[in-house]
Amino acid sequence: MPARKIAVIGAGYVGLTTAATLAAAGHGVTCVDVDRDKVAELRAGRVALLEPDLPELVAAGRRAGLLRFTARLPDALLPPHPPDLVFVCVPTPRGEGGAADVSIVEAVARDLGRLLPPGAAVVLKSTVPVGTADRVRGLLRRPDLPVLSHPEFLSEGSAVHDCRHPDRLVIGAGTTPADRAAARRLADLYTDLAAPVLLTGNASAELIKYAANAFLAVKLSYANTLAELCESVGADIGDVCRGLGLDPRIAPAHLRPSPGWGGPCLPKDTHALLDLARTRQIGFPLVRAALETNDRQHHRIADKVRTAAGGCLDGVRIAVYGLAFKAGTADTRDSPALAVARLLHAQGAELTVYDPAAANPAGPDDWYQTADNPYTAAKAATVVAVLTEWPEFARLDWALISQLMHRPHVVDARRILDPEALEACGLTVSAVGRGTR
Ligand code: UGA
């Protein structure tokens with residue numbers, strides 16, 4: 001694999017991980033971000049994202065002289081650093097009506113059209129609606145520049161691992177010889193990886209990304225509804241999902257019940273797929289149901305907390321354990337924990353929140369208190385609601401928590417606690433998906 005010169009636009013989860021991983025593979029990478037403060041931090045060797053191995057990988061790339069950061073796009077595109085490949089890794093937030101907002105991708109495309117020297121290929125890694133590669137071609141106004149669709153499948157909390165051990169590499173290209181050649185050049189970056197490389201058209205590659213995330217959303221909502229059924233019929237969702245997951249056609253991943261699924265990707269991409277289907281007059285009731293089920297799951301967990309509190313939350317102190325959208329990240333975007341906390345607050349609960357990583361984030365409203373440890377959060381609480389699956393919650397001194405609380409109830413919306421052990425400490429435990437036998 002020849003070493004390439006690569007520009008990566010965007011230093012978020014996807015951009016920074018991509019840049020650092022490519023540098024580790026021996027390529028010369030310039031990573032550019034409009035956020036000058038972020039660039040200054042990265043140049044000073046600081047990585048603000050909570051992501052295992054990423055700070056070390058970034059540091060190694062910088063030490064080797066293979067990873068540079070800049071806030072100026074021309075620095076990443078013009079000599080002495082003209083790239084062979086430009087990875088576009090900028091955000092595509094949820095826009096009006098659920099459609100993805102691709103305005104940042106479009107602005108980047110216009111800039112690339114003006115600045116890129118001949119010989120480079122544009123690689124779209126941002127999650128973009130079907131048709132975006134064609135739109136980018138139009139905005140570039142540069143028929144000489146191939147445009148490839150190369151979606152990313154990494155998860156937060158395991159970004160570096162996922163980048164180094166991908167399940168598959170999807171590369172979508174147009175039909176011209178230049179596009180095909182650029183697709184092969186991109187695929188050559190990955191010859192050391194065991195993952196299959198799937199070469200497709202641009203539209204298929206763009207759709208694969210949305211199809212994958214929406215499928216995960218459907219799977220998660222399926223598991224959460226099964227959990228509700230388990231509670232009703234005296235079954236246990238842990239056993240049921242183990243039994244399901246052993247079927248290789250179903251697979252065990254993404255079957256854990258929860259207070260709902262969230263984060264910066266699944267909700268946004270599920271809405272975007274629905275929006276795409278709507279524009280083609282195709283109903284997609286299955287995906288719509290996954291979203292509705294998710295919303296219902298937030299309410300179901302809030303109801304469990306209210307029941308545990310004796311039927312009324314007004315003025316009742318609740319300790320919320322976990323704010324991040326999942327364990328292993330400080331990210332609270334579209335967090336199910338926040339969604340449930342908001343429902344509790346709306347019913348008058350007084351919330352004290354503890355999360356080992358996520359800092360407050362909920363915006364300007366001062367609608368909950370934070371505690372810097374779980375024991376302070378539990379003081380005088382009537383219910384502890386475990387909303388994020390941080391493993392350390394399972395290792396807490398629950399006997400102490402039981403003593404600190406006003407009334408010792410726990411709602412385990414992630415099923416990470418050992419109910420028998422907690423019950424032995426005098427706590428009553430209501431776990432999602434655990435029916436009473
Ligand atoms: C998701 C996808 O899993 C990645 O493949 C994709 O690349 C990424 O979006 C993206 O589009 O960038 P991520 O947002 O990091 O990754 O989150 P997930 O790990 O999928 O978790 C999403 C939500 O589902 C979280 O709230 C999590 O707690 C919940 N979840 C996950 C469950 O409730 N149960 C599970 O078994 C797994």
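Here the structure is a predicted model, which means the values were calculated and not measured. Note: hydrogens, waters and symmetry copies are ignored here, and every other heavy atom, side chains too, is used. We count ligands from 1, going down the list as the structure has it; atoms in each ligand are counted the same way.
For atom 33 (O) of ligand 1, the nearest protein heavy atom (residue, atom name, distance) is Ser258 OG, 2.7 Å. Residue, atom and distance of the protein heavy atom nearest to atom 12 (O) of ligand 1 are Cys265 SG, 3.0 Å. The protein atom (non-hydrogen) at minimum distance from atom 20 (O) of ligand 1 is His254 NE2, 2.8 Å. Of the protein's non-hydrogen atoms, the one nearest atom 15 (O) of ligand 1 is Glu156 N, 2.7 Å.
Distances between N or O atoms of Gly262 and those of ligand 1 include at least one value under 3.5 Å. Taking any N or O of Trp261, backbone or side chain, none lies under 3.5 Å from an N or O belonging to ligand 1. Considering backbone and side-chain atoms together, Leu154 places an N or O closer than 3.5 Å to an N or O of ligand 1. For a threshold of 3.5 Å applied to N or O pairs, the pair formed by Phe153 and ligand 1 contains at least one separation below that value. For ligand 1, the polar-atom distance check finds an N/O of Phe325 within less than 3.5 Å of one of the ligand's N/O atoms. On a distance-only criterion, Leu266 and ligand 1 share no N/O pair closer than 3.5 Å.
In this structure, Arg168 is positioned above the aromatic face of Phe153, its NZ or CZ under 6.0 Å from the six-membered ring centre and within 45° of the axis.
Between the side chain of Arg415 and the main chain of Val432, a donor-acceptor pair closer than 3.5 Å is present. Under a 3.5 Å cut-off, the side chain of Thr132 and the backbone N or O of Val128 do not form any donor-acceptor pair. Here the side chain of Glu41 pairs no donor or acceptor atom with the backbone of Arg46 at under 3.5 angstrom.
Residue contacts with ligand 1 for Thr388 are absent, since no atom lies close enough (heavy atoms, distance under 4.0 Å). Residue contacts with ligand 1 for Thr127 are absent, since no atom lies close enough (heavy atoms, distance under 4.0 Å). Heavy atoms of Asn213 found under 4.0 angstrom from ligand 1 belong exclusively to the side chain.
Each of the following atoms of ligand 1 lies closer than 4.0 Å to a heavy atom of Leu255: 36 (O). Shown in contact with Leu220 at under 4.0 Å from a heavy atom are these atoms of ligand 1, numbered in order with element: 24 (O), 30 (N), 31 (C), 32 (C), 33 (O), 34 (N), 35 (C), 36 (O), 37 (C).
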(Q) side-chain contact (heavy atoms from CB on, under 4.5 Å), that's the test. Do Thr30 and Val32 meet it? Break it down for me. (A) CA-CA 6 Å; Thr30 305; Val32 53; 5.5 Å; no
Q. Please walk me through it: do Gln297 and Thr293 pass side-chain contact (heavy atoms from CB on, under 4.5 Å)?
A. CA-CA 6 Å; Gln297 187 69 359; Thr293 301; 5.6 Å; no
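Taking the six-membered ring where the residue is Trp, Trp367 and His345 present tilted rings, their angle falling between 30° and 60°.
For the residues Lys125, Lys326, Arg333, the heavy atom positioned nearest atom 21 (O) of ligand 1 is part of Lys326. Ranked by closest heavy atom to atom 16 (O) of ligand 1, the top entry among Pro336, Gly328, Ser155 is Ser155. Between atom 34 (N) of ligand 1 and the options Arg256, Arg414, Glu389, Glu152, the minimum heavy-atom separation is to Arg256.
Between the side chains of Thr382 and Arg317, no donor N or O sits under 3.5 Å from an acceptor N or O. When only modelled atom types and interatomic distance are considered, Asn224 and Trp261 share no side-chain donor-acceptor pair under 3.5 Å.
When ring centroids are compared, His150 and Tyr190 come within the 6.0 Å threshold.
In this structure, Arg342 CZ and Leu351 CG are separated by 11.0 Å, a value rounded to the nearest 0.5 Å.
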